[in-house]
Structures are given as structure tokens and as C-alpha cells.
Amino acid sequence: MAVFQKVGGLHSKNNFSFALVVGNLFASPGTVTDEDARDIEKLINGEIRIPLPTYFVLGTQELPTPVIKKLDESDGELCENLIFLGKRAIFKTSQGIRIVALGGSRISSPTADEQKDRYLPVYSESDAKVLRGANSADILITSQWPDGIRNGSKIELDTDDNLEAQTCVAELCTALKPRYHFSTSLVFYEREPFFHDRRADQSETFHITRFISLGSYTSPNKAKWIYAFSLDPTASLPVSLPAGVASSPFSTHDRKGSSQPDQNSLRFSTGDHYARPSDYRPRKRKRPEPLTQEVCFFCLSNSDLATHLITSIGNDTYLTTAKGPLSTRDTFPSLGFPGHILIIPFSHSPTLSLISDPESRANTIKEMHRYRDSMNTMLASKSPQVLGTVTWEVSRLAGFHVHWQWMPAPLSFIQKGLVEAAFKVEAENLKYSRFTSPKPTLKLPDPSEEDSSDFFRVMIWNPQNGSDVEMRLYLDQSFKFDVQFGRRVMAKLLGLDGRADWHDCGQSHEDEVADAEEFKRAFKEFDFGLEE
Ligand SMILES: [Zn+2]
């Protein structure tokens, strides 16, 4: 592993904060020589010293079996200072540098097993979409090139290398606006730095990306394989364009991202995959600190997110089938799937009114209603005049990641006022305060929420007369509110008492996949997330 010696030599002169390996760290399993195998063994046994914290991603080749075994046992730490970021990763280094990575090559319709396997060097378009939920990044690493990256570039690239550039990678870069985007190729390629379209966030400042594709350390043509840079995640963004910075090659791919204005910034320097923040102080070795959001079940940035449950991804919000759904496939036989769906904002915020960026808040609320309306429309077309819907939200300052739970309910129950009554009666039984009387559902950010009082709300849609009303229960100190209240009420109403607790409703992975797929099929023609 001569590469670590080389890096060690450079490190002793430059005192880098960390190193990133952006391509394949190991030879492909088919070509492993005896010497490679011995090196791998030494690495795993800690007999090769890694001079500084070094992070590696999944490249385009499979990892050797002993490596996978060790990573599984050691939670991603192959040996001291050598840490595997994974195939689809978001993390922050101890210096506060946010890295997003997408390894492998894109395949169009992965099987559930392929999707689950975190060491298989393939990803799907939805993996790329999921990472857009990270909102921002200092460094983006992708095995494949973004499609269109050479548009408008004057820099020659003398290779016929099939780079298999991907549109979804370009979209990811546009959404995250990283300071550096690294990939790999046969030859070294550094594109002119470019700035991102500012219409999305109407900001006064420029987000500038440098795309750098590194050659291989073992490449016969001696392509440049190493690049050092310094990055200060705390400096402010430029308000004017530095010389030589061109417009984004992806303008045609530009989608309205959900990205919140990023306050961080970059101090450019030229030079030779290392980062050294200007405030660098030598520290003890530290594992990357997971972002708090990463342990959130609803944050797309959680690398353990149950992506097989995701049924649609919009610009600011997404849909998943509920884990341990209240309803089953038999509850609403005309549907063929359980129909218990969550509408979840990308923003990790305890309430909708606390999403800090006003534009992002408005877009999120608008899109949640759009999803709810689309699903209502789907229901009306699939089971005309049989089902209405009930949607509920718990909005508390002390909450975690606000979301809506949506599910069908028999139209006859809604017409007879049984849904309303069920919520009111249960609130009374539990000695909660009273629900407000039903009002038309407000589909815009609600100025009255600015005071941020805690509340539970339920929205009831009746397809027969088109009425859509909401009732609120304001939460105060006088009673202890059960966050499962909505589900409990619906369980009683639908005669599903035994399913009131989602923990009792676990499904096999296969059934979860099948239900999500069935929902997607039904929702396809109503899914605006697929159009854009
Ligand atoms: Zn979250």
C-alpha cells in the first residue's frame, strides 16, 4: 500500500486534516494478486499505518470479501484512521466539513436486494434523489460524472473513456451546490469553476463548485491522482464573482431545489484530495460525528433510511408508506394496498412554522397539500364514492421531524360525522382540551401558527361534496398528550384496535416492498414528483 506512504510523506510536510479516497481503494476482486491479498490482510490487522484520518467511498468495483466482513464488524472502520463512508453517505468531519457521497454505477431498476446491499457498487436514481435531501454539502463525491459537466468548458479532455455521465448526478450537484465535486476518470480533469443559478434562493451570494476528476494512482498514463486543497466552512460566500468562474453547465437540469441558503463558505486556494481548514489545530483522531439529523427516521440524509418505503420524492417533501401501517391490504379491499402514507418535509423541523427559510416553508406546506390533494384524487378515481381521507399532524415545539399521516376512511363514516365524533370523543375520554369546530382546510402557511402554539390537527376530506375541513386541538400543560393519538382514534374507528401500536404491526421486508410498489403503481399517474 505504497499510496499511504506517499500520502504520509505529504502529510508530514503539510499537516492535512484528512484525506479522501474518491475512487476504488482496492483492486477488483477478479484481479486481486497475492500481494494485494496480503496487503488487505495487513490493513485489516492494523499492520499498515494510516498517517491521517482517511475516508473512502464505494467506487465502481466490488469490495474484497474480507474488507466487507471487517467493515460489518467494525461499524465502518477498516483499521485505525481508515473509515468507510458507504455507498450513499452524508457525514460531517470533526472539522465541520459536510461530505455527501454516492458510489457505484447507476442501474435503472434495482431489485430490493440490490437496493439494500450497501456494498454493491450500484445505485438507483432514487438513491441520488434521496441525497438531495441533504440540502447542502461542502464536498460531493460521486463515482460517475454529472451529465453535461463539460458544457461550456474550454478545457480539453483527451480520452474516449466512456464516462457514463448521469443526469441524476448533475441534479444532485445542482441541489447541493458543493464547493468541491470529486469524481474519477482515466485522466485528470478539472473543470473551470462554475456558479449555481441563484433564482432558486434569490440570494445575493454565489455558490461556486469546482469539479475535479482524478486519475488513478496506478494509472499507466501517470494521470494526476492527488489533489490538495484548503477549505474553510465558516468563511462567507462571495458576493461578486471571482475571475474565471463561469455559469453552471447544468442550467438546463436546474430544478427548484429545496436547499436552504447555505451560510457557510469557502476560501479558495490553488494547489494539489486534502482539506485543511484555516483554523486547523492538530487533534486526536476522531470518528466522524454523525449529524443529529442522521438518527432521524424521517431525514433523507439518514443513510439507514428505509428507502424501499419511499413512494415519491418531490422538491421539498416526500412520501413513504407507513412502517407498521395501521390499515392492512384487507382494510380497503378496493385499493389493494394498506394506504397508510406519510407526507414528510425534507426539512428537519419540529413544526412547519419553524422551518426557518420563509420560501422553503411556503414551498414545503404547498407541496404537502399538493401531495395530499393528489392522493385524494387518486382515491377518488380508484374507488369512486367509497372512500374519503383523514390526515393528521402533531405540531409541537418539542417535536422531532414534523409530518402528516394520511389514510383512507369509509365515505359513509365521514358523511355521518363519525370521524369528527371519534376524535372529539377520544379527546374527551382522555381529558384533553376541546377540538376547534371544523373549518375549511387552510392550504397556505398559517399566520396564526407564527405564535407557535402546540397543536394536533386533523383534516377530513369528503369526495362526495368536495368538503375539506380541519379541526385543531391546542395542546397545553393541563394534559399529557399522546403522540399516537391520531392513530389510536383511527384504529378504534376502523375496528383495528389490535393495530393501534405500530410496533405490533411489523411486516416482512418483502411485504413492505410489495405494498410500496403497489401504491406507486396506483399513484403513478397522479405523482407530480415523476414529472419534473
Ligand atoms: Zn429529521
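Both counts, for ligands and for their atoms, begin at 1 and track the order of listing.
Checked by atom type, the side-chain pair His196/Thr209 shows a donor-acceptor distance below 3.5 Å.
The name of the N, O or S atom in His401 nearest to the Zn ion (ligand 1) is ND1. Atom ND1 is the N/O/S atom of His348 found closest to the Zn ion (ligand 1).
With salt bridges taken as basic N to acidic carboxylate O contacts below 4.0 Å, one links Asp373 and Lys443. With salt bridges taken as basic N to acidic carboxylate O contacts below 4.0 Å, none links Asp504 and Arg499.
Note: angle at the Zn ion (ligand 1), from SG of Cys296 to SG of Cys299, is 120° (rounded to 10 degrees).
Side-chain contact between Gln405 and His340 is present, with heavy atoms from C-beta onward closer than 4.5 Å.
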